[in-house]
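Remarks on the structure that follows.
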Protein chains: 2
Amino acid sequence: MTPQTAPAARALEHPERTAIRLEGVLHALSDPMRLHVVRTLAAAETELACSDVELPVSKSTTTHHFRVLREAGVIEQNYRGTSKMSGLRREDLDALFPNLLDSVLAAAEGQCERIHPGATAAR
Amino acid sequence: MTPQTAPAARALEHPERTAIRLEGVLHALSDPMRLHVVRTLAAAETELACSDVELPVSKSTTTHHFRVLREAGVIEQNYRGTSKMSGLRREDLDALFPNLLDSVLAAAEGQCERIHPGATAAR
DNA sequence: GCCGTATTACGATGGCTATCGTAGAAGGCG
DNA sequence: CGCCTTCTACGATAGCCATCGTAATACGGC
């Protein structure tokens, strides 16, 4: 067995809560692909693997978007086996910017509805 | 006399309410200069001339930022004499993205307080 | 130990964009 | 009419960034 309590795996850099900047978060959310990722993560209330979020771009580009989101402090990621699980940093975001995430998610949903009325899923 | 009731001056292009896209708004707000402009406009509840908002950049760059905000649908602008007055499109934004603008403004304020505690004015 | 799956690193590329300075247009004022 | 203030247009430049393909790495299972 592994000597440590947690396997730890490779560590990924995450900004501390106090280092998260509003401009960075807004910029991260201003890309359609990344907004889609965030909406998907918000809908699935558990962590998801990168490959669970389907994007119409190459794998490398998907990785890039996940990294931007992580470095902006929007999501947290850690390795679990061969997958990398991602989840929203809801607590941190809500503490720093109350209501912001929910407003953005609601706005995204509303805009989707306006464009494709009756669509159930995202984008 | 001019045939129309309003002098109209030069006209400026504004996106219709239905053409305003969330991603564009988020992107417009993700620049520190533009965020500062928006905060200033929100604080002063009247319209302001471009030159009333002091930015640490050149005049041309300021003009550029105002245009980005206008084209994203965040502000509206019209000429009045030698000045160009700008104001937030609060009604449109609140209708499309309820609560979003207020969340962003509150988040910006909170972040400012966190960084420069006790500062009264913006940024 | 070998293989397949999942993700990353690297390098390249094209496009967007924040910034500047200078020159010019629009309008008020003496 | 000339001047000043305000804003805009036009290049130009440098930096960032979304995207890709290929090669490499990490891990679990056989």
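The two residues B:Arg90 and B:Leu105 make their nearest non-hydrogen contact at NH2-CD1, 3.7 Å. Across all non-hydrogen atoms, the minimal contact from B:Ile20 to B:Ala72 is CG2-O, 3.6 Å.
Across the protein-nucleic acid pair, B:Ile75 atom CD1 and D:dC7 atom P stand 12 Å apart, rounded to whole Å. Rounded to an integer number of Å, the gap from A:Tyr79 OH to D:dT25 P is 14 Å. For A:Leu55 and D:dA18, the CG to C1' distance is 12 Å, given to the nearest whole Å. As a whole-Å value, the separation of B:Leu12 CG from C:dA25 C1' is 14 Å. For the pair A:Phe66 CZ and C:dA6 P, the computed distance is 14 Å after rounding to whole Å. One atom, CD of B:Gln77, and another, C1' of D:dT6, lie 13 Å apart when rounded to the nearest Å. Between the CG atom of A:Asp52 and the P atom of C:dT5 there is a distance of 16 Å, given to the nearest Å. Atom CG in A:Leu48 sits roughly 14 Å away from atom P in C:dA6 (whole-Å rounding).
Looking at heavy atoms from C-beta onward, A:Glu54 lies out of side-chain contact with A:His36 at the 4.5 angstrom threshold. In this structure the side chain of B:Arg80 reaches within 4.5 angstrom of the side chain of B:Asn78, judged on heavy atoms. Contact of the B:Glu76 side chain with the B:Met85 side chain is not registered, since no non-hydrogen atoms from C-beta on lie closer than 4.5 Å. Side-chain contact check for A:Val74 versus A:Arg89: every heavy-atom pair is 4.5 Å or farther apart. Residues B:Leu100 and B:Leu93 form no side-chain contact, since every pair of their non-hydrogen atoms from C-beta on lies 4.5 Å or further apart.
Between the side chains of A:Glu47 and A:Gln77, not a single donor N or O lies within less than 3.5 Å of an accepting N or O. No donor-acceptor contact under 3.5 angstrom links the side chains of B:Ser60 and B:Thr63, judged on distance only.
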Look for any protein N or O under 3.5 Å of an N or O in nucleotides 16-23 of chain C and output each such pair with its distance, or none.
from, atom 1, to, atom 2, distance (Å)
C:dA18, OP1, B:Arg34, NH2, 3.4
C:dA18, OP2, B:Arg34, NH1, 2.8
C:dA18, OP2, B:His64, NE2, 2.9
C:dT19, OP2, B:His65, NE2, 2.3
C:dC20, OP2, B:Ser58, N, 2.6
C:dC20, OP2, B:Ser58, OG, 3.1
C:dC20, OP2, B:Thr61, OG1, 2.8
C:dG21, N7, B:Ser60, OG, 3.2
C:dG21, O6, B:Ser60, OG, 3.1

Find every protein N or O atom lying less than 3.5 Å from an N or O atom of nucleotides 3-5 of chain D, and list the pairs.
from, atom 1, to, atom 2, distance (Å)
D:dT5, O2, B:Thr82, OG1, 3.4

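Contact check, A:Ser83 against C:dT5: no side-chain N or O comes under 4.0 Å of OP1 or OP2.
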